[in-house]
Structures are given as structure tokens and as C-alpha cells.
Amino acid sequence: MKLKREEYAQRRASFMAQMEPNSIAVLPAALPKIRNRDADYAYRQDSDFYYLSGFAEPESVVVLIPGREEGEYILFCRDRDPAKEVWDGYRAGPEGACSEFGVDDAFTIDKLDDILSGLMDGRERLYFTLGHNESFDHRIMSGIKTLRAKARTGAAPPSEIVDCDHLLHEMRLFKSPSEMAVMKRAAEISALAHVRAMEKCRPGMMEYQLEAEFFHDFMRQGSRHPAYTTIVGGGENGCILHYVENDDVLKDGDLVLIDAGCELDHYAADITRTFPVNGRFSPEQKAIYQLVLDAQLAALSKVTLSNHWNEPHEAVIEVVINGLHELGILSGDLSKLIEADAHAPFYMHRAGHWLGMDVHDVGNYKIDGQWRSFEPGMVLTIEPGIYIAKDNMDVDEKWRGIGIRIEDDILVTKDGYEVLTAQAPKTIEEIESLMAKAAASH
Ligand code: GLY
Ligand code: MN
Ligand code: MN
């Protein structure tokens with residue numbers, strides 16, 4: 001499932017329409033990352049770069065120059081090279097860049113330093129985001145120095161450097177109908193993989209063996225990669241927010257917290273489900289689980305156009321403090337508990353984040369210092385959790401080591417919201433009945 005070429009052309013046109021007159025934008029591709037010695041991590045294109053180009057190759061640079069007669073969209077990329085392509089695979093080359101990707105004017109990447117300073121010459125503003133790629137920052141600076149050195153011949157470097165992020169990330173925050181379709185499919189694939197994990201889970205399995213079910217099911221359904229490192233935390237490992245070792249045994253009587261989502265055409269899904277390894281919640285697990293679910297539903301009900309970004313988070317805090325108080329885990333005056341952030345030892349993150357090409361996606365959360373309101377086309381996660389550390393001596397022993405998070409992906413619509421990940425069961429009854437059915441059929 002891929003976006004069409006025209007969508008990238010529309011994005012470039014919209015971005016260029018917002019650039020100041022007589023300006024140039026430069027965006028480099030992501031750098032490959034070495035895992036060890038000469039083995040690389042799987043290459044993932046930079047999201048801003050891909051958003052404007054749909055071009056997934058490394059060693060490439062997008063240049064946009066609104067109004068340039070020879071073509072507004074310029075791409076530098078690797079040349080075709082039959083000998084190298086035998087080892088590393090197909091490259092579009094400058095010709096393919098024009099015929100397959102709608103580039104107006106393409107050059108090989110080895111010409112970048114010679115040509116880029118000429119392209120910058122006489123443009124008043126350079127749209128370039130400093131600080132992401134140091135070696136590329138240096139190349140831009142040396143292009144500017146080259147132009148300064150030629151000032152007597154009439155050369156003029158841009159007098160202003162403007163960050164691309166503001167324009168581009170505001171665009172990325174609002175999803176088009178075709179982006180929504182890709183994100184819905186990524187969410188669906190991921191939700192069904194969570195169902196499979198619930199069906200396959202058995203006491204005695206290793207956490208990474210449940211992780212394997214996600215790799216298998218993501219790829220089987222058409223996604224090449226997870227969108228982020230999968231978390232499979234059994235028992236007290238569920239209390240470690242970024243637990244990724246996934247190398248413990250899943251024990252009878254414990255819960256397992258799984259945070260896993262796939263990537264589809266560079267768009268992420270991000271789902272967390274927590275369920276009993278043996279298929280049945282204990283009374284304590286049930287009590288905390290229901291509290292997290294109540295907090296999640298309360299947060300969801302705050303996703304409406306009249307509300308602002310922080311309202312779901314505020315709703316979670318209120319439900320969590322009230323619930324922990326009712327269970328006797330927190331004691332004392334409720335309003336004092338709220339004032340003292342009494343939830344913090346148990347719920348230490350926020351209720352969610354924007355979701356898109358990056359799992360923690362771009363887009364401001366505040367405008368002029370105020371939380372921004374929800375608007376149609378935004379996609380976010382709602383993911384409250386309660387984590388009771390095993391060494392928290394302030395709570396009764398029976399609660400210790402329980403870690404629960406429930407995370408869904410939400411599209412803001414004009415009437416409220418749509419849960420994109422609804423196919424992953426989340427009530428206690430749904431989970432227990434799904435797991436019981438799966439156990440019976442084995
Ligand atoms: N999977 C990362 C997160 O939930 O924010
Ligand atoms: Mn998340
Ligand atoms: Mn997550």
C-alpha cells in the first residue's frame with residue numbers, strides 16, 4: 001500500500017507556496033547507521049525527506065526552488081552502477097528520479113558541492129534544518145563560504161537560514177485521506193497481530209517468542225518492518241517503560257505488556273495491550289486493569305474539537321488518583337493528592353503523542369504558549385498506564401510488580417474521533433474469552 005506520486009507533488013507545491021519569495025529549500029536523506037563493523041541497520045529514510053519525495057534511497061538530497069525556470073524540484077542521488085547494483089540492488093539514478101519520481105532536474109550526488117552553491121547563489125533565504133546531520137551542516141556552510149569568497153564576481157549567499165520544521169511539520173500533522181487510509185491499514189495489521197499474540201501466548205514461552213509472532217504477522221499482512229522496537233514485558237518487566245530486552249520467561253500468573261506496531265509506507269501504528277499470560281486475570285490484576293481502561297476511556301471522551309491537547313492527560317490523572325484512592329493504594333484527602341501529583345510514582349508519562357510517519361510524530365503541542373485544540377485530520381495515541389514497582393514498599397505487597405498500559409491510535413474527525421486500533425480487544429471479558437477460545441482449540 002503506497003501513496004501516489006501526485007500526493008508528493010501536491011505536498012511539494014504546498015510547501016513551496018508557503019516559502020518566502022526568492023528562496024531555496026535543501027533536505028538531505030537520512031544517513032545509513034552501522035550496527036557493527038560493516039553490518040548496517042536496515043535503512044530508513046528521513047521522514048521529512050520522504051514526505052516531500054517518496055524517494056527511499058540513501059545519499060540523496062532534495063532541493064526545492066520555487067519559480068526556477070529549469071525546474072523547481074531538483075534531486076541529487078546515486079548514479080546507476082551495474083557493478084554496485086549487483087551487491088546492493090537497484091538505484092533509480094538521475095534518469096529514474098525524473099521518470100519514476102517526478103523530479104524536474106536530477107544530478108548525481110558527487111556533483112552536490114559543485115552545483116549546490118550555484119543553486120543557492122542569489123537566493124535571499126535558505127530553508128534548511130540545522131543540527132540533524134553535522135556533516136551535511138558543514139557542506140551547507142562550505143557552500144555559503146564558497147559564495148562569500150566569490151562576492152566580487154557578484155555571487156551572493158542567502159542572508160537568512162530558516163528552519164524547515166515549522167512549515168513542514170504543521171503540514172505533516174494533518175493527515176490527507178490517503179494518509180489516513182495507510183494509517184488505518186497499519187493500525188489494522190498491528191491490531192490483528194495483537195490478537196494473534198493473545199492467542200499464542202502460553203506460560204513458559206520466552207518474551208522474544210511472542211515478539212516473533214509480531215514480526216511474522218506484520219510481514220505476513222504486508223508490512224516490512226515494525227515502526228519501533230517491540231516491547232514484550234512479562235510481570236514486573238511491564239513496569240520498565242522502555243523494556244526491549246524481551247529475553248525473560250513468561251510466567252503463569254503474570255501479566256504481559258506488549259507495545260508493538262508496524263510501519264506501512266513510512267507510517268506508524270503504535271498499540272499497547274496488557275493481558276494475563278495464562279488467559280485469566282487475578283483479582284488484583286483485574287482491579288488495576290479496569291482502572292487503566294477507565295482512565296483510557298475517560299481520556300478518549302476528551303478528544304473532541306472543542307477540547308485542547310492536555311485534556312485527555314488531565315482526565316487520566318483524575319481517574320487514576322481517584323481509582324488508586326478507592327483501592328487503598330493512595331490514602332488521604334483527594335484534593336491534596338491531586339495537588340501533590342500523587343499519581344506520579346504510578347503514572348509517569350503523558351497520555352499520548354502525535355502519530356504519523358514518526359511514531360512520536362512531529363507537530364507542536366502548544367501554540368503561543370497555549371495547548372492547541374484538536375482539529376480534524378490529527379492522529380494521536382491515547383495510552384495511560386499504571387506501573388507499581390516491585391520495590392514500592394508504600395503499597396501492599398499484593399499490588400507490587402503489576403505494570404499495565406492500554407494504547408490506541410485515534411483519528412480526530414469533525415464529529416469527534418475514530419479509534420483506528422479497535423480490532424485489538426481491550427475489555428477484560430473480551431481478552432479472557434478470546435484467550436479461552438484459543439486455548440480450547442489447541
Ligand atoms: N511505542 C512508543 C510509545 O508508545 O510511545
Ligand atoms: Mn505511543
Ligand atoms: Mn507504544
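First listed ligand is number 1; within each ligand, the first listed atom is number 1.
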Query raised in the report: Under 3.5 Å between some N or O of ligand 1 and some N or O of H360?
Result: yes

Query raised in the report: Parallel under 30°, tilted from 30 to 60°, perpendicular over 60°: which one fits the rings of Y127 and F15?
Result: perpendicular

Report summary line: Quick note on ligand 1: atoms under 4.0 Å from a heavy atom of D259 include exactly 1 (N), 2 (C), 3 (C), 4 (O)

Query raised in the report: Are any of the N or O atoms of T272 closer than 3.5 Å to those of ligand 1?
Result: no

Query raised in the report: Would the Y347 and H313 ring centres measure less than 6.0 Å apart?
Result: yes

Query raised in the report: Going by atom types alone, do E245 and Y243 pair a side-chain donor with an acceptor below 3.5 Å?
Result: no

Query - Salt-bridge contact D88-R78 (side-chain N to carboxylate O under 4.0 Å) - result: no

Query - Enumerated ligand 1 atoms positioned under 4.0 Å from heavy atoms of E407 - result: 4 (O)

Query raised in the report: Under 6.0 Å between ring centres, would you say that holds for F214 and H194?
Result: yes

Report task. Return yes if a side-chain donor-acceptor contact under 3.5 Å exists between N322 and E326, otherwise no. Result -> no

Requested in this report: Return the set of protein N, O or S atoms whose distance to the Mn ion (ligand 2) is under 2.8 Å, each given as residue and atom.
Outcome: D270 OD2, H353 NE2, E383 OE2, E407 OE2

Report task. Could you tell me if the ring centre of F49 sits under 6.0 Å from that of H266? Result -> no

Report task. Using the six-membered ring of Y8, assess whether NZ or CZ of R5 lies under 6.0 Å from its centre and within 45 degrees of the ring axis. Result -> no

